[in-house]
Chemist: 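One structure, as structure tokens, below. Some questions next.
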Amino acid sequence: MKALWLTGRICVVTDANVLPRWGWPAVESLRAAGFEVTAVELPAGEASKTLQRAEALYGHLIANHFGRHDAVVPVGGGVIGDLAGFVAATYHRGMALVHVPTTLLAQVDSSIGGKVAIDHPLGKNLIGAFYAPHLVLCDVAALETLPARDRWSGLAEVVKGALIADSELFLRLENELEQLGNGTLSQADWVEVIGRAVRIKVDIVSEDEEEDGRRVVLNFGHTLGHALEAAAGYGPLTHGEAIVIGMRTAVEVSLRLHLCPPADASRAQALLARFPAPPPVPPPDAAVVRAALARDKKGVGGNVRFVILSGLGKADVVPSLEGGLLEFAVEHARSQLGASP
Ligand SMILES: NC(=O)c1ccc[n+]([C@@H]2O[C@H](COP(=O)([O-])OP(=O)(O)OC[C@H]3O[C@@H](n4cnc5c(N)ncnc54)[C@H](O)[C@@H]3O)[C@@H](O)[C@H]2O)c1
Ligand SMILES: [Zn+2]
């Protein structure tokens, strides 16, 4: 960190699960390196990504006389990274930010791309900014303590990256999905897989930092995934479980539009079918899913832009789903949550 000319003080932000395992070791090693460090612990989970928690964190920084040249270091998953990143982006109009992601999802997705956000009671991630971190320090050892369900959740993002942009990674996932999900691969294997997934996101984001064009393909599986998460009320499904459902539906839609070779669609579906089934969740009402889709902030001019698979490692965007395809997609996604009530 000193090599980055970070010479000021550091506020480590972490959650109750991560603090004893990775938070304290991070604080101790920063202190041993000569930094003055304070630590803030938040309750684990999405419920912490609020304006109230952000305000408390601003309060801690003010009370401890933090300035623009001091750093915030989130040590945790996407929740901690998004919230502490948002505070770093806005406190004194921006202070140093070093992400230390400890979930697979945060390592391959949320710590990259410069999006930081908090939730509003009316919707998730509605208040945020684009704010690039000064550094992302990713240690795959952190994954050893990650619960299996969170590991599979992050793996869904790795599969998404492979499907939209990396057919070689797709092949590797075809061979090793269960070992990755069950956490039985070596750290060296993880470094390769995560490195590859990171490269996919970095390449796409660096072409389109503010999400006007190419970056939309990262939303593969997310249009319906987000709508299901919102309609089911955040909590019953992990983000990964929701986007696996969304990706299966997106592949089906791509086939119906004759935009994806059937052999590629079959291989994509076969890989997605190997994810563990989510816990039973009553399917939300179709109207509620449609309303959540309509609220999707990535829609343009009221249409639901939809990312389709055009082959293994290739994705494209269609401006809207016509001719009953939107209704088909909503039903296809809902049907994966179990029988209709
Ligand atoms: N900014 C972005 O571009 C972006 C992208 C994708 C997702 N996100 C956001 O990320 C969040 C989800 O992130 P997440 O899945 O990492 O959730 P999370 O931060 O809630 O972490 C999941 C769980 O794992 C625990 N945990 C974290 N690291 C651990 C470890 N090493 N060992 C044991 N337990 C550990 C946490 O305490 C938590 O209970 C959502 O809020 C989502 O909106 C942001
Ligand atoms: Zn995602």
Side-chain angles (χ1 to χ4, degrees), residues 109-110 112-115 117 119-120 122-130 156-157 159-166 200-232 237 239-240 242-261 264-265 268-269 272 284 286-334 336:
D109 194 357
S110 62
I112 303 153
K115 285 207 241 171
D119 301 333
H120 185 276
L122 295 180
K124 208 164 119 69
N125 293 331
L126 289 182
I127 304 163
F130 287 100
E157 297 286 1
V159 167
K160 177 200 77 179
L163 281 172
I164 63 172
D166 188 343
I200 294 167
K201 183 153 183 192
V202 167
D203 284 350
I204 293 175
V205 167
S206 51
E207 271 180 49
D208 174 23
E209 286 193 8
E210 300 208 347
E211 211 168 33
D212 301 318
R214 177 88 189 132
R215 188 165 176 168
V216 174
V217 296
L218 290 168
N219 230 23
F220 180 66
H222 281 59
T223 309
L224 277 158
H226 281 153
L228 280 188
E229 276 185 289
L237 293 174
H239 178 65
I243 67 160
V244 165
I245 292 175
M247 288 192 280
R248 287 182 186 141
T249 300
V251 173
E252 247 358 88
V253 168
S254 315
L255 263 181
R256 283 173 183 239
L257 286 168
H258 306 290
L259 294 172
C260 183
D264 287 0
Q269 292 294 27
L272 291 166
V288 178
V289 179
R290 275 202 298 274
L293 276 178
R295 276 199 308 272
D296 192 319
K297 61 189 184 305
K298 285 162 188 139
V300 173
N303 287 327
V304 177
R305 266 195 297 182
F306 202 83
V307 185
I308 53 100
L309 190 71
S310 38
L312 291 176
K314 283 183 276 177
D316 227 320
V317 183
V318 291
S320 63
L321 293 183
E322 311 285 346
L325 258 188
L326 187 64
E327 291 71 20
F328 162 80
V330 168
E331 280 320 307
H332 189 273
R334 286 179 71 242
Q336 295 175 62

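None of these values were measured; they are calculated from a predicted model.
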Chemist: Using the test side-chain hydrogen bond (donor to acceptor under 3.5 Å, both in side chains), find all partners of Arg256 that sit at least two apart in sequence or belong to another chain.
Modeler: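 With neighbours one apart ignored, the set is empty.
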Chemist: What pairs with Ala162 under side-chain contact (heavy atoms from CB on, under 4.5 Å), at least two apart in sequence or on another chain?
Modeler: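 Testing Ala162 for side-chain contact (heavy atoms from CB on, under 4.5 Å), a comparison that skips the adjacent residues, returns Leu169, Phe170, Leu173.
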Chemist: Side-chain donor-acceptor contacts of residues 317-326 below 3.5 Å, not counting sequence neighbours, with atom names and distances?
Modeler:
from   : atom 1 : to     : atom 2 : distance (Å)
Ser320 : OG     : Glu322 : OE2    : 2.4

Chemist: Can you name the salt bridge (charged side-chain N to carboxylate O under 4.0 Å, His left out) partners of Glu157, sequence neighbours left out?
Modeler: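 Lys160.
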Chemist: Do the side chains of Arg214 and Val217 get nearer than 4.5 Å, heavy atoms only?
Modeler: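 Val217 vs Arg214: side chains touch.
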Chemist: I'd like to know if the side chain of Arg248 pairs up with that of Gln336 as donor and acceptor (distance under 3.5 Å, no hydrogens or angles considered).
Modeler: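 The answer is yes; a qualifying pair exists.
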Chemist: Measure the NE2-CD1 distance between His120 and Ile127 for me, rounded to the nearest 0.5 Å.
Modeler: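 Reported value, rounded in 0.5 Å steps: 5.5 Å.
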Chemist: Between CG of Leu272 and CD of Gln269, what distance do you get to the nearest 0.5 Å?
Modeler: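 The distance works out to 6.0 Å.
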Chemist: Sequence neighbours excluded, which residues qualify as side-chain hydrogen bond (donor to acceptor under 3.5 Å, both in side chains) partners of Asp166?
Modeler: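 With neighbours one apart ignored, the set is Arg196.
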Chemist: Minimum heavy-atom separation for Asp264 and Gly311, please, with both atom names.
Modeler: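 That closest heavy-atom pairing would be OD2-CA, 3.4 Å.
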Chemist: Check side-chain hydrogen bond (donor to acceptor under 3.5 Å, both in side chains) between Glu327 and all other residues, then give those that pass, not counting sequence neighbours.
Modeler: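 By the side-chain hydrogen bond (donor to acceptor under 3.5 Å, both in side chains) rule, Glu327 matches no residue at all.
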Chemist: What residues, two or more places apart in sequence or in another chain, satisfy side-chain contact (heavy atoms from CB on, under 4.5 Å) together with Ala117?
Modeler: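 For Ala117, the residues satisfying side-chain contact (heavy atoms from CB on, under 4.5 Å) (neighbours in sequence not counted) are Asn125.
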Chemist: Which atoms form the tightest heavy-atom contact between Ala156 and Met247, and what is the distance?
Modeler: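 For Ala156 and Met247, the tightest heavy-atom pair comes out as O-CE, 3.5 Å.
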Chemist: Please list, chain by chain and in numerical order, all residues satisfying side-chain contact (heavy atoms from CB on, under 4.5 Å) with Ala333, sequence neighbours excluded.
Modeler: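 Testing Ala333 for side-chain contact (heavy atoms from CB on, under 4.5 Å), a comparison that skips the adjacent residues, returns Leu224, Leu228, Ile245, Thr249.
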Chemist: Tell me the closest heavy-atom pair linking Phe130 and Gly113, and the distance in Å.
Modeler: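 Result for this residue pair: CD2-O, 4.4 Å.
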Chemist: Arg215 side chain to Ile204 main-chain N or O, any donor-acceptor pair under 3.5 Å?
Modeler: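 Side chain of Arg215 to backbone of Ile204: no pair is present.
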Chemist: Not counting sequence neighbours, list each pair that qualifies as a ring-ring contact (aromatic ring centres under 6.0 Å, His included) and has a residue in residues 306-331.
Modeler: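 Counting only pairs at least two positions apart or across chains, the ring-ring contact (aromatic ring centres under 6.0 Å, His included) contacts touching residues 306-331 are Phe328-His332.
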Chemist: How long is the span from the SG atom in Cys260 to the CG atom in Leu309, to the nearest 0.5 Å?
Modeler: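 The CG atom of Leu309 is 4.5 Å from SG of Cys260, to the nearest 0.5 Å.
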Chemist: Indicate the atoms forming the closest heavy-atom contact of Phe220 with Leu163, along with that distance.
Modeler: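 Nearest heavy atoms, Phe220 then Leu163: CE2-CD1, 3.8 Å.
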Chemist: Going from CG on Leu218 to NZ on Lys115, what distance comes out if it is rounded to the nearest 0.5 angstrom?
Modeler: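 Here the interatomic distance stands at 8.0 Å.
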Chemist: Taking Lys201 for its side chain and Ile112 for its backbone only, find out whether a donor-acceptor pair lies under 3.5 Å.
Modeler: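 Here the side-chain-to-backbone pair exists.
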Chemist: Please collect all side chain to side chain donor-acceptor pair (under 3.5 Å) contacts where either partner lies in residues 310-319, sequence neighbours excluded, each pair once.
Modeler: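 Applying side chain to side chain donor-acceptor pair (under 3.5 Å) to every pair that reaches into residues 310-319, excluding sequence neighbours, yields nothing.
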Chemist: Minimum heavy-atom separation for Leu293 to Val330, with atom names?
Modeler: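 Heavy-atom minimum between the residues: CD1-CG2, 3.8 Å.
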Chemist: For the residue pair Val289 and Pro284, what are the closest heavy atoms and their distance?
Modeler: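 For Val289 and Pro284, the tightest heavy-atom pair comes out as CG2-CG, 3.9 Å.
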